[in-house]
Undergrad: 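Before anything else, here's the structure in question.
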Amino acid sequence: MISSIKGMKDILPNESSKWQHVEKIIHSLSQLFHFKEIRTPLLENTSLFSRSIGEETDIVSKEMYTFLDRSNESVTLKPEGTASVVRSYIQHHLGEEQPSTKLYYISPMFRQERPQAGRLREFHQYGAEILGSPNAIADSEIILLNAAILKNLGLTNFTLIINSVGCENCRPNYKIKLVNELNNIKNNLTELSKNRIDKNPLRVLDSKDKQDQDALKNIPVIFDYLCESCKSHFEELCQLLKNANQPYSINYKLVRGLDYYTKTAFEFISENLGSQDALSGGGRYDLLTLQLGGKPTPAVGFAGGIERLLIALEKENNNFHSENILQLFLASADEKGKDYIFTLAQHCRNAGISTEFDLLNRSVKSQLREADRQNAKFLILVGEKELTEKSLTIKGMKTNISHSLKIPLQVEELKSIINK
Ligand code: HAM
């Protein structure tokens, strides 16, 4: 037997209604905030990600699904959505249509991480990006959309944490200071963090390891090194979040696992998720468009993991999904009945009634059992007798409702009984 690849999961029929519900809310909230959907290919040129996410990040250095295609081009299954959105924005001159562009997406992503609860190798992100606005109001728009999606799904147990990671003017000074300090406490750090000091010192701050956290207690934070522009941007964002009644807490050690961030960085975390506690994350990336060959375009965005949303919803006992309800089961008592219900099913479906019938030539008893198993709301049984008498009966499967209907059947009459 061939099984699915480690860390990649089937979404089975009994789970798909939950996914559809979550996706419906993401679409409707994104559109309510007037974002437009963008769909980009799963496969991109590898250089798109190495040039944007950063060569030294975990994602690029060890997690990407990268391979040579049959033309010997290095291609990669996308590990995140922002780089592809920016590539598409530049390629199709989307910025020329309006001064600021609001886009959202839902897509599978791929990272070859060690699988555990809430961490997969194929996972699904929903995300949104605003390109063209340098202002903190765009950051707040992104954060408030993210919060609205979580709230509309019924989640309550989550926290927004924010920070500023500075910009090209203030970060280099801080980095020098940080590397010095990290070297001073090197012996108290874990091996992983020691190795990061030269390659990606900011990431050391993000370590979840208790040993590192203890060692980092008195480490200088970037906040104290921010330039005026970064500081006022951050203060403005805090004020906007207060005005919108959006609670937040500041975590000066929050840095993100991708290198393109400038100024704002944020995460929505949930204690219901265990060690992979980020429901979503994002921030500002004012230099990325230029870095990828476009015109300088300030931008901000976020992405969240749908698998993690579902775990959090389950932990909060949120019985949120609506099953796809079968409205009508058509059963046949004989060959004549079978021909009749085949045509009737098409009429019912054309009229918007979800309709099912037996595909296995089974006995009446088995058909009725199947109607019950499928939780059908109504049943009509048709045989030669009904067709000769030109009269049918529609019965409620879980109620005492029963109506007789004349043949030829008026589908509108049927619909009004079913929808009552
Ligand atoms: P990220 O923090 O790498 O950011 O991923 C965003 C979210 O995707 C995480 O918070 C988590 O919910 C989910 N996620 C990431 N990796 C996995 C995994 N292996 N298994 C399950 N879920 C996962 C980004 O990807 C940025 N592109 C976000 C962004 C958009 N920044 C600006 N615009």
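Counting starts at 1 for both ligands and their atoms, following the listed order.
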Undergrad: Measure Phe302 to ligand 1 on non-hydrogen atoms and call it side chain, backbone, both or neither using the 4.0 Å cut-off.
TA: backbone
Undergrad: Suppose we measure from atom 8 (O) of ligand 1 to each protein heavy atom; which comes out shortest, and what is that distance?
TA: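 Answer for atom 8 (O) of ligand 1: Gln125 NE2, 3.2 Å.
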Undergrad: Taking all atoms of both residues into account, what is the closest heavy-atom pair of Ala331 and Leu368, and its distance?
TA: CB-CD2, 4.3 Å
Undergrad: Arg369 vs Asp372, test: salt bridge (charged side-chain N to carboxylate O under 4.0 Å, His left out). Steps then yes/no.
TA: CA-CA 5 Å; Arg369 211 179 295 135; Asp372 195 40; over 6 Å; no
Undergrad: So among Glu37, Glu97, Glu129, Glu141, which one has a salt bridge (charged side-chain N to carboxylate O under 4.0 Å, His left out) with Lys102?
TA: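 Among Glu37, Glu97, Glu129, Glu141, the one that satisfies the salt bridge (charged side-chain N to carboxylate O under 4.0 Å, His left out) with Lys102 is Glu141.
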Undergrad: What about Tyr248 and Phe268, are their ring centers closer than 6.0 Å?
TA: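 For Tyr248 and Phe268, the ring centres are not under 6.0 Å apart.
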Undergrad: Before signing off on this row, confirm whether Arg119 and ligand 1 have an N or O atom pair separated by under 3.5 Å.
TA: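 In fact, backbone or side chain, Arg119 has no N or O that close.
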Undergrad: Side chains of Glu191 and Asn195: donor-acceptor distance under 3.5 Å anywhere?
TA: no
Undergrad: Any side-chain donor paired with an acceptor under 3.5 Å for Tyr89 and Thr289?
TA: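 Thr289 and Tyr89 do not have a side-chain donor-acceptor pair below 3.5 Å.
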Undergrad: Is Phe123 close to ligand 1, meaning an N/O of one under 3.5 Å from an N/O of the other?
TA: no
Undergrad: Is the shortest N/O to N/O distance between Arg111 and ligand 1 below 3.5 Å?
TA: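 Checking ligand 1 against Arg111, an N or O pair does fall under 3.5 Å apart.
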Undergrad: Using a 4.0 Å heavy-atom cut-off, which part of Tyr260 comes near ligand 1: side chain, backbone, both, or neither?
TA: side chain
Undergrad: Tell me which part of Ala303 gets within contact of ligand 1: side chain, backbone, both or neither, using heavy atoms under 4.0 Å.
TA: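 Both of them.
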Undergrad: Do me a favour and list the nearest non-hydrogen protein atom to atom 11 (C) of ligand 1 with residue, atom name and distance?
TA: Arg308 NH1, 3.4 Å
Undergrad: Could you tell me which non-hydrogen atom of Ser140 sits nearest to which non-hydrogen atom of Leu237, and how far apart they are?
TA: N-CD1, 3.8 Å
Undergrad: Please classify the Val300 to ligand 1 contact at 4.0 Å (heavy-atom distances, strictly less than): side chain, backbone, both or neither.
TA: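 The answer is neither.
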Undergrad: Hey, would you say the Tyr104 and Phe35 ring centroids sit under 6.0 Å apart?
TA: no
Undergrad: Would you check whether Leu120 has a nitrogen or oxygen atom less than 3.5 angstrom from a nitrogen or oxygen atom of ligand 1?
TA: yes
Undergrad: How far apart are the closest heavy atoms of Glu80 and Leu258, and which atoms are they?
TA: OE1-CD2, 3.6 Å
Undergrad: Using a strict cut-off of 4.0 Å, indicate which atoms of ligand 1 neighbour a heavy atom of Tyr261.
TA: 26 (C), 28 (C), 29 (C), 31 (N), 32 (C)
Undergrad: Which pair of non-hydrogen atoms, one from Ser71 and one from Asp69, has the smallest distance, and what is that distance?
TA: N-OD1, 2.8 Å
Undergrad: For ligand 1, is any non-hydrogen atom under 4.0 Å from Glu307's backbone (N, CA, C, O), its side chain (CB onward), both, or neither?
TA: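 Glu307 to ligand 1: no contact under 4.0 Å from either part.
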Undergrad: Heavy-atom contacts with Ser280 under 4.0 Å: which atoms of ligand 1 show up? List them by number with element.
TA: 10 (O)
Undergrad: Closest by any non-hydrogen atom to atom 30 (C) of ligand 1: pick that one out of Thr57, Asp277, Thr82.
TA: Thr82
Undergrad: Is there a polar contact between ligand 1 and Gly282, counting only N or O atoms under 3.5 Å apart?
TA: no
Undergrad: If I apply the N/O under 3.5 Å rule, does Tyr285 come out as touching ligand 1?
TA: no
Undergrad: Which atoms of ligand 1 have any heavy atom of Ala278 under 4.0 Å away?
TA: 10 (O), 11 (C), 12 (O)
Undergrad: Does the side chain of Thr190 pick up a donor-acceptor pair with the side chain of Asp212 at under 3.5 Å?
TA: yes
Undergrad: Tell me which protein heavy atom sits closest to atom 27 (N) of ligand 1, plus the residue, atom name and distance to 0.1 Å.
TA: Glu80 OE1, 2.5 Å
Undergrad: Is there a donor in the side chain of Lys208 and an acceptor in the side chain of Ser275, or the other way round, less than 3.5 Å apart?
TA: no
Undergrad: With heavy atoms of Leu258 as the reference, note each atom of ligand 1 found under 4.0 Å away.
TA: 3 (O), 4 (O), 24 (C)
Undergrad: Do Lys253 and Asn163 pair up side chain to side chain, a donor and an acceptor below 3.5 Å, judged on atom types alone?
TA: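 Looking only at side-chain atoms, Asn163 and Lys253 do not form any donor-acceptor pair under 3.5 Å.
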Undergrad: Considering only heavy atoms, does Glu129 approach ligand 1 within less than 4.0 Å through its side chain, its backbone, both, or neither?
TA: side chain
Undergrad: Taking heavy atoms and a distance under 4.0 Å, where does Glu267 meet ligand 1: side chain, backbone, both or neither?
TA: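 For Glu267, no heavy atom sits under 4.0 Å from ligand 1.
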Undergrad: Hey, which atoms in ligand 1 end up nearer than 4.0 Å to a heavy atom of Leu279?
TA: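 By the 4.0 Å cutoff, the relevant atoms are 10 (O), 12 (O).
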Undergrad: What protein heavy atom lies closest to atom 21 (C) of ligand 1? Include the residue and the distance to one decimal.
TA: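 Its nearest protein heavy-atom neighbour is Gly118 O, 3.2 Å.
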